[in-house]
Amino acid sequence: MSNVRILVACKRVVDYAVKIRVNAAGTAVETANIKHSMNPFDEIGTEQAIQIKEALAKAKGNAEVVVVSCGPAKAQETLRTALAMGADRAIHVETNDELQPLAVAKLLKAVVEKEKPNLVILGKQAIDDDSNQTGQMLAGLLNWPQATFASKVELTDAAMTVTREVDGGVETIKTTLPAVLTTDLRLNVPRYASLPNIMKAKKKPLAKFTVADLAVDIKPRLETLKITEPAKRQGGKIVESVDDLLDKLKNEAKVL
Amino acid sequence: VSALLLIEHKDNKVAASTLNALTAASTLGGSVTALVAGNAPESVVAEVSKLAGVSKVLVAKDAAFTHALPESHASLLVETQKKHGFTHMIAAHSAFGKNVMPRAAALLDVAQISDITGIEGADTFVRPIYAGNAIATVKSNDDVKIITVRGTAFPAAGHADAAAPTEDAPATTANSSSEFVSEHMQKSDRPELDSATRVIAGGRGMKNGENFQLLYDMADKIGAAVGASRAAVDAGYVDNSLQIGQTGKIVAPELYVAVGISGAIQHLAGMKDSKTIVAINKDPEAPIFQVADYGLVADLFTAVPEITKKL
């Protein structure tokens, strides 16, 4: 395939290494003044798009990598990270309203209709709401084929062969293009952006849209009644020896 | 309440996680209709019709359903919903359920409630977020509730004496633009990480990939699966597929043994729902000891072979 446009969706989430705290009112997780990063599965998606672009460049082909994020103004930090990794340009759909997966899928559909990509890549899930829905929903709304939980991707002319992580092993499917791809952990190891590339990314184009520009109904369908801490574990018991441990596992916990 | 349960099956057998999802469907309090789609689903239909709580079985027999491609299954769900008007559509939160259900939800223009661990009413559900570091209770305002169920949160449904009646599911015309090429299922004597009742995991303290053999030796004695922390994966000791944690696999076995793992937050997120946690680490200050039911402060290179010998 000689000329490809790849759209990659990126979400800004609380960094994976941050300890999550529920707010005092029990209505949400604390997110103010807490380190955020690009959703790790979206980093894998961005990396995959850049790898496809690099492979095509060697074969005298051309790919444009467009990254998109929906959310508040700070989503632009995530887009700049993707641009520093090697994406060509960015689209920010700005809103301070809560966005649930169906709403994001509808916003992305509107962006797809403007950009007409051959391939859309999303992370298989975001590590905040853990829904694992948006890619499949987008594929349904577009009536495109979907290849989810990918651990290997090969693009050929107008077709894509994808190895998918399924329960108990892997499965390989072939889809026509355009298609929606969602990434699993083993697909690749994302690169770090170099300092010169971070500087260059500041000058790459970033277009802004509002929800109204895209004429999408983003009203939440699910109402969060409460958020609670998970039950605390009663840990901390120290055993003296291997014999002591095996005795406790056999006779106290009864797991051996 | 009238619920539709999407049956997952492979090699003529109903998937274990579907039995847990059936219990969740029955908990809603109304009727449960099962939907079986496949090329030759007869033996699966016979099994499903005798599951406790199933009141009717819809059968979609078509070569298009031979492999669980999401495009054909989602359009079948949509047609079935249009004809029967179910209030709930339910599947296991397995690779299959996760692939199919959101696509059907979008086509029906309703939200999905993923990976539920509790049911508080016909429209109110409990689900973990942030890899189980917070628990959300959510209420759906949609007419149709599309739900995927975390298997470990509900017991498996049993069998009934009488067989539920069967009828044909509505016909669909959707052509799938994707095709199945091949599959490669792991044929290992060791259980799978996701569903193992015992898991032994190694961290950076293992020092290299070869030393993981110590864990495999111990695992083989007790029929355990072997996993790893992100630190061990990032250090290149083992493959990414072994990673347990927020961005890896989430496990909840009966017994979890953490070896040479310090207990970073993102690792705890992947294993803290295990029933009994054992930590073996030479650093008594390691945070893993705070969540461990039994901590052994010892050099893993002497403790693990000793355990293997004495098991």
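Chain A is the first sequence line, chain B the second, and so forth, proteins listed ahead of strands; every chain is numbered from 1.
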Is the shortest heavy-atom distance from the side chain of B:Ser114 to the side chain of A:Gln133 under 4.5 Å? yes

Check whether B:Ala131 gets within reach of chain A through its side chain, its backbone, both or neither, counting any heavy atom under 4.5 Å. both

Within-4.5 Å side-chain heavy-atom neighbours: A:Glu252 and B:Tyr294: yes

What distance separates A:Ser241 OG from B:Leu296 CG, expressed to the nearest 0.5 Å? 7.5 Å

Side chain, backbone, both or neither of B:Val278 within contact of chain A (heavy atoms, under 4.5 Å): side chain

Within the structure provided, determine whether B:Leu255 and A:Leu256 are in side-chain contact (heavy-atom separation under 4.5 Å). yes

Side-chain heavy-atom pair A:Leu185, B:Thr247 within 4.5 angstrom cut-off: yes

Within-4.5 Å side-chain heavy-atom neighbours: B:Phe180 and A:Lys174: no

Side chain, backbone, both or neither: which part of B:Lys272 has a non-hydrogen atom closer than 4.5 Å to chain A? both

Suppose we screen for salt bridge (Lys or Arg N to Asp or Glu O under 4.0 Å). Which residues come up paired with B:Glu306, at least two apart in sequence or across chains? B:Lys310

At a heavy-atom separation under 4.5 Å, does B:Asn99 approach chain A through its side chain, its backbone, both, or neither? both

Of the listed residues (A:Ala105, A:Ala103, A:Ala147, A:Gly236), which shares the most heavy-atom pairs with chain B below a 4.5 Å separation? A:Gly236

Validate the cation-pi geometry between A:Arg21 and B:Tyr130: distance from NZ or CZ to the six-membered ring centre under 6.0 Å, angle to the ring axis within 45°. no

A side-chain contact here means heavy atoms from C-beta on lying under 4.5 Å apart; do A:Arg221 and B:Ile113 qualify? no

Heavy-atom proximity to chain A below 4.5 Å, by part of B:Ala136: both

Between B:Asp293 and A:Arg233, is there a side-chain N and carboxylate O pair less than 4.0 Å apart? yes

Please tell me if the side chains of B:Glu8 and A:Asp167 come closer than 4.5 Å, counting only heavy atoms from C-beta onward. yes

Chain A contact via B:Ile129 - which portion, at a heavy-atom distance below 4.5 Å: both

Could you tell me whether the side chain of B:Ser140 reaches within less than 4.5 Å of the side chain of A:Glu223, counting heavy atoms only? no

Of the backbone (N, CA, C, O) and the side chain (C-beta and beyond), which part of B:Ala298 lies under 4.5 Å from a heavy atom of chain A, both, or neither? neither

